[in-house]
Amino acid sequence: MAIKPAEIKKLASLSRLVVDDKTITDVTDRLSSVLALVDQLQSAQTESIDISRPFHIAQRLREDEITESNKIDELQATAPEIYNGFFAVPKMID
Amino acid sequence: MHNFTLAELINGLRSNKFSSVELTQHFLNRIKELNGDYNAIITTTASQALESAISADQRLANGNAPEMCGIPILHKDIFCTNGVRTSCGSKMLDNFIPPYNATVVENFENDGAVMLGKTNMDEFAMGSSNETSFYGPVHNPWALDCVPGGSSGGSAAAISARLAPGATATDTGGSIRQPAALCGISGLKPTYGRVSRWGMIAFASSLDQAGPMARTAEDCAILLNAMASFDEKDSTSVNEPIPNYRSKLDNPINGLKIGIPREYFSEGLHSGTEQAVRNSLVELQNLGAKLIDIKLPSSHLSVPAYYVIAPAEASANLSRFDGVKYGYRCKEPKDLEDLYRRSRSEGFGEEVQRRIMIGTYCLSAGYYDAYYGKAQQVRKLIQQDFSDAFKSVDLIMGPTCPSPAFKFGAKGNDPVAMYLEDIYTIATNLAGLPGMSIPCGQVDGKPVGLQIIGNYFNEERILNVAHQFQQSTDWHNHMPSELA
Amino acid sequence: MSWETVIGLEVHVQLATKTKIFSGSSTRFGASPNTQACAIDLAMPGTLPVLNKQAVNYAIMFGLAIDAEIEQKSVFERKNYFYPDLPKGYQTTQLEKPIVGPGRVVIPLADGTTKAIRIHHAHLEEDAGKSIHDGDIPIGVSGVDLNRAGTPLIEIVSEPDMRSSDEAVAFAKKLHSIVTSIGICDGEMSQGSMRFDVNVSVRPSGSSALGIRTETKNLNSFKFMEEAIQLEVDRQIDLIEDGGKVTQETRLYNGDTKISKPMRSKEEANDYRYFPCPDLLPVIVSDQTLDELRSSLPELPDARKSRFTQQYLLSDYDAEILASDTSNAEFFESVAEKTKNPKLAANWVMGDLTARLNMENKNISNSPVSSSQLAGLILRISDNTISSKMAKQVFDAIWLGEGNADEIIEARGLKQLSDSGSLEKIVTEVIEANPAMVTDYVNSDESKRKKKMGGFMGQIMKASRGQANPQQVNQILLEKLNELI
């Protein structure tokens, strides 16, 4: 199924990527090629099946005990921008 | 020293033929001398390595040291290493220094292994040729104008060029097995859930699995012994007993039933590759194994299913890379949207962006059922195929890749051509089964890999067959001519 | 044109676990920015979630408390969108199979009847972080604090069964009372422990089709919720009556400025692309766990209310108020048991005690007057040692720490004068001292006489320093005055 440039722009927007007018044709062609590949799935005969993985039946539960301590310096050591312990970003409206 | 196997090096350390410091220095020198040709290593950790080697020698002297104590290894740059840059082959994490270790790294550290450095890889593990790395492509030691395979191309090339005796790697659709095949070495993807994913940068969470790369099956067994563990920090880690993976290597393989899927020997398979694989199967018959024709009827759906599921999961896993908490941030963002868009577009390469968009598409409103929903159902069909096959056979074998190593740029502008490289390996990931590739021949001077697939948590049997094959053949000892 | 309002609520309740839903970080309120955010909470590469058992148990307890079906195999999904307070770029939540299915909550109406509000479902999810836009931060910059990111929430979604802001507030209060009574939430609204999103639409009375609804998000007080609903209903009605159409949108209400406006960010444009989270497995709840949790549930507010009306013969109204909060209920019961006078106990707890606690911003668990002290005071009223009026003085003294009722009554000599001899003497003295008032009384109509007694009462109480037993005095005064007619 071929994908239209308008749809590509929407996908880019949803995933916060930039597809500019120079590259949009290329991107469209390549994405269409991949989608043609995945369209082969439509030929499969499937009914609704429970997707449980073997050995992976139940989520393990953790005891409600504090195991983490304050490591702000370590964790913020390579942060792009910090101000008074906050992660700084351009001003958000709303 | 670099021509010894890992197993031999372990013996050498214990019989005092050399020390860990000497061993480490030897490989560091080798890396310094040769890495430029292959670009297999992104970060070398020389001083840290020597410090670890000194402690390891101490521990060895005290006696009772774990197997891997003092052995130098490389880690794929997808495993977080405390205090050491972990880039995942991407500009997005070029400056990322994790303050924690991946469990895999921690396991080796606890055992006293020596980390030489971090290996090159396809960006965010997305690729089959190691051409998408921010740090430049890796060159196949067998033919420098050819790809080593991917995404664990750096680890594969490093082992092949004898820059280290062992390396860690990851496999989501074939990223251990395919480069192992193209570089003439042995690589194992364990059962999903066997090795912890904590600290391993996620690509496709339900498919990713860490595994060893080395020159022999025995070496892989030694590495797997250290890597495998039940980890409470990983909800998908399975609490299944961990055997000593070396203990059954010498079991005879008389009567072993090997399934040969007809789907793995159809059109698209290079004739030289097919010949090499068929010859090895004859070799296994000579060792007492029985070859049985089987069918895996949903095989043709594995690549399409994978290219829905993996990008879908990746599209969500990579959303955390937003320039806010760590990693790359664009210069002077004018507002929040600009921060997101430019940090991500500048930080991620083309293939990564493409897969994010495919994943986003397959999960979108209106497309979810036809793509993601359908792919998950197909996945169940594929699992069923294997489940049925394992009722009548012990292992399944075939070629790892459709052809030997190709030249850089050969897959051109068509992403699908590249995706088809993984045609034989992908189904194993979808089913969560263990799979291995070992060298089994050569075509035009380039290695061919034999793939061995086992049932859940049956790594021992896979390693056993591989080891027996390697006892009576010597493909795994072959080296690229320039290195001989 | 007469209009009907249709309201549905989505309530976010922070679960009072010690740690976050997917990491072992503390959830304690008020820490400095990012000091309670570990690598998992910051979504650092390679980190993975592990589910908090207590969060699951609390969610189940809520379901049991509202008579809902518990989904014994529930699943977590990823809800994908970009926002700085959402570190992973997705929120782990539940969509297709939430842990709590349909249930109901009964609310009291103003006319004394009750109404059942249906709960569509409740699901587990993780809270996002917080951002600040001014204050401790330079101009043009916003600051992100991820301490709150990962705090476990249940989101409770009602059916659009409410028809007025009163009903919505009653519903919200009942939920508050349930979650605090069963101990799964601390109920501290000012700390954001409960937040409300209100969906409001209007339609002509009698119509069955639903109008276009708007959503007003993130209200954290009953008062603001009430105001926001009223404002929105009026706005929608005005809009429609002027010929316009309501736009489906998300709005924010500012409780200080009393203004509501649409959100500027394009949240509506988001396609959340939900899919099951591959890092987590299905949450399986055994029958045994259900039974254990069911038997561990404390008395629920409605059951307690029923019991109060039967056991203590309280009115529905009084019972509703006292039963809604566990600490209040326990305090009341303790006083009622000790005094065997539930009516007085109720009056005092709901009246003087609550008023004084509110005034000084305290709650009943740190009340300066303990339940035994209040009981002690009430006993002295019921045995006529002191009058009700005097009791208020004693109450104040207990509040200020002067001791128990008996001690204070003794120390200040406040025993009510009840011996008839002394009372008769005082009454007689006052009558004799006020001949003009007597004449006035005698010459008045019968209907006006009761009122005239007030003047005598005032002087009698003054003469007895407030300690005369008013009922007895009244009796004696009436007899004596009537003798003079």
Side-chain angles (χ1 to χ4, degrees), chain A residues 1 3 7-8 10-20 23 26-27 29-56 58-62 67 71 73-82 87-93, chain B residues 95-97 99 192-193 206 232 235-236 238 240 298 300-301 303-305 307-308 315 319 322-327 329 333-342 344-345 348 353-354 356-358 360-362 364 370-371 374-381 383 413-416 419 432 456-457:
Chain A
M1 190 191 119
I3 187 169
E7 283 187 276
I8 305 260
K10 193 175 126 203
L11 290 176
S13 173
L14 275 177
S15 37
R16 298 305 188 274
L17 295 170
V18 174
V19 178
D20 57 32
T23 55
D26 258 351
V27 173
D29 287 343
R30 292 179 201 193
L31 268 176
S32 297
S33 154
V34 178
L35 291 174
L37 167 73
V38 306
D39 271 330
Q40 292 173 41
L41 285 177
Q42 304 313 317
S43 67
Q45 304 289 353
T46 57
E47 307 106 35
S48 209
I49 321 166
D50 184 21
I51 305 153
S52 49
R53 291 169 279 199
F55 306 105
H56 287 114
Q59 171 64 35
R60 202 163 47 247
L61 298 173
R62 173 175 61 80
T67 54
K71 294 212 175 103
D73 292 325
E74 250 179 48
L75 295 170
Q76 287 188 340
T78 55
E81 203 177 321
I82 300 287
F87 291 99
V89 296
K91 179 97 177 228
M92 290 143 64
I93 320 154
Chain B
N95 70 346
F96 176 62
I97 300 179
Y192 182 83
S206 73
E232 289 187 335
S235 294
T236 59
V238 177
E240 186 74 11
S298 304
H300 63 290
L301 295 169
V303 174
Y307 278 100
V308 168
S315 69
S319 293
D322 55 10
V324 175
K325 301 96 53 190
Y326 47 77
R329 175 186 280 208
K334 34 183 187 53
D335 56 35
L336 189 62
E337 288 304 309
D338 189 40
L339 172 72
Y340 285 149
R341 282 181 224 271
R342 274 199 298 130
R344 289 166 63 79
S345 302
F348 289 138
Q353 293 191 43
R354 179 166 32 246
I356 290 175
M357 285 196 278
I358 293 167
T360 306
Y361 182 83
C362 293
S364 304
Y371 289 106
K374 191 80 174 177
Q376 290 287 32
Q377 289 171 350
V378 164
R379 185 175 185 171
K380 188 70 181 164
L381 285 179
Q383 271 171 247
N413 282 332
D414 184 11
V416 175
Y419 297 168
Y456 299 107
F457 294 103

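The chains referred to below are lettered A, B, ... by the order of the sequence lines, with proteins before strands, and numbering in each begins at 1.
- Highest contact tally toward chain B, considering only D29(A), T23(A), L41(A), is held by L41(A) [criterion: heavy-atom pairs under 4.5 Å].
- Taking CD of Q76(A) as the start and OH of Y326(B) as the end, the distance is 13.5 Å to the nearest 0.5 Å.
- Comparing K71(A), R60(A), E81(A) by heavy-atom pairs within less than 4.5 Å of chain B, the highest count is held by R60(A).
- Heavy atoms of S315(B) lying under 4.5 Å from chain A are absent altogether.
- In this structure, G327(B) and P80(A) approach most closely via the heavy-atom pair O-CG, 3.9 Å.
- Residue S298(B): no heavy atom, backbone or side chain, is found under 4.5 Å from chain A.
- Contact count versus chain A (heavy atoms, under 4.5 Å) is highest, among H300(B), R342(B), R329(B), for R329(B).
- The shortest non-hydrogen separation linking P90(A) to L336(B) is CB-N, 3.8 Å.
- From L35(A), atom CG reaches atom CE of M357(B) across 11.0 Å, with rounding to the nearest 0.5 Å.
- Comparing Q59(A), R30(A), K91(A) by heavy-atom pairs within less than 4.5 Å of chain B, the highest count is held by R30(A).
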Chi angles and distances behind the side chain to side chain contact (heavy atoms under 4.5 Å, CB included) call for Y419(B), V34(A): CA-CA 9 Å; Y419(B) 297 168; V34(A) 178; 3.7 Å; yes
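- In this structure, S345(B) contributes its side chain and V18(A) its backbone to a donor-acceptor pair below 3.5 Å.
- The main-chain N or O of L17(A) is never found under 3.5 Å from a side-chain atom of Q353(B) such that the two would form a donor-acceptor pair.
- Closest approach of V38(A) and Y307(B) over heavy atoms only: CG1-O, 3.8 Å.
- The line from OG1 of T360(B) to CD1 of I8(A) is 11.0 Å long, rounded to the nearest 0.5 Å.
- When heavy atoms are compared at a cutoff of 4.5 Å, S13(A) approaches chain B by way of both its backbone and its side chain.
- Rounding to the nearest 0.5 angstrom, the gap separating the CZ atom in F96(B) from the OG1 atom in T78(A) is 6.0 Å.
- Once rounded to the nearest 0.5 Å, the distance linking CZ of R354(B) with CG of D26(A) reads 9.0 Å.
- Rounded to the nearest 0.5 Å, atoms CZ (R341(B)) and CZ (R16(A)) are 5.5 Å apart.
- Contacts of A77(A) with chain B are absent, with no heavy-atom separation under 4.5 Å from either backbone or side chain.
- Proximity to chain A (any heavy atom under 4.5 Å) is shown, for S319(B), by neither the backbone nor the side chain.
- For V27(A), the part lying near chain B is the side chain, with the backbone staying farther off; criterion is any non-hydrogen pair under 4.5 Å.
- Under a 3.5 Å cut-off, the side chain of K325(B) and the backbone N or O of L75(A) do not form any donor-acceptor pair.
- In this structure, the portions of I97(B) lying under 4.5 Å from any heavy atom of chain A include both its backbone and its side chain.
- Ion pair R62(A)/E232(B) not flagged as a salt bridge, since none of the NZ, NE, NH1 or NH2 atoms sits closer than 4.0 Å to an Asp/Glu carboxylate oxygen.
- Across every non-hydrogen atom of I356(B) and S15(A), the tightest pair is CG2-CB, 3.6 Å.
- Among D338(B), N95(B), L301(B), the residue with the largest count of heavy-atom pairs under 4.5 Å with chain A is L301(B).
- Using a 4.5 Å cut-off between heavy atoms, Q40(A) contacts chain B through both its backbone and its side chain.
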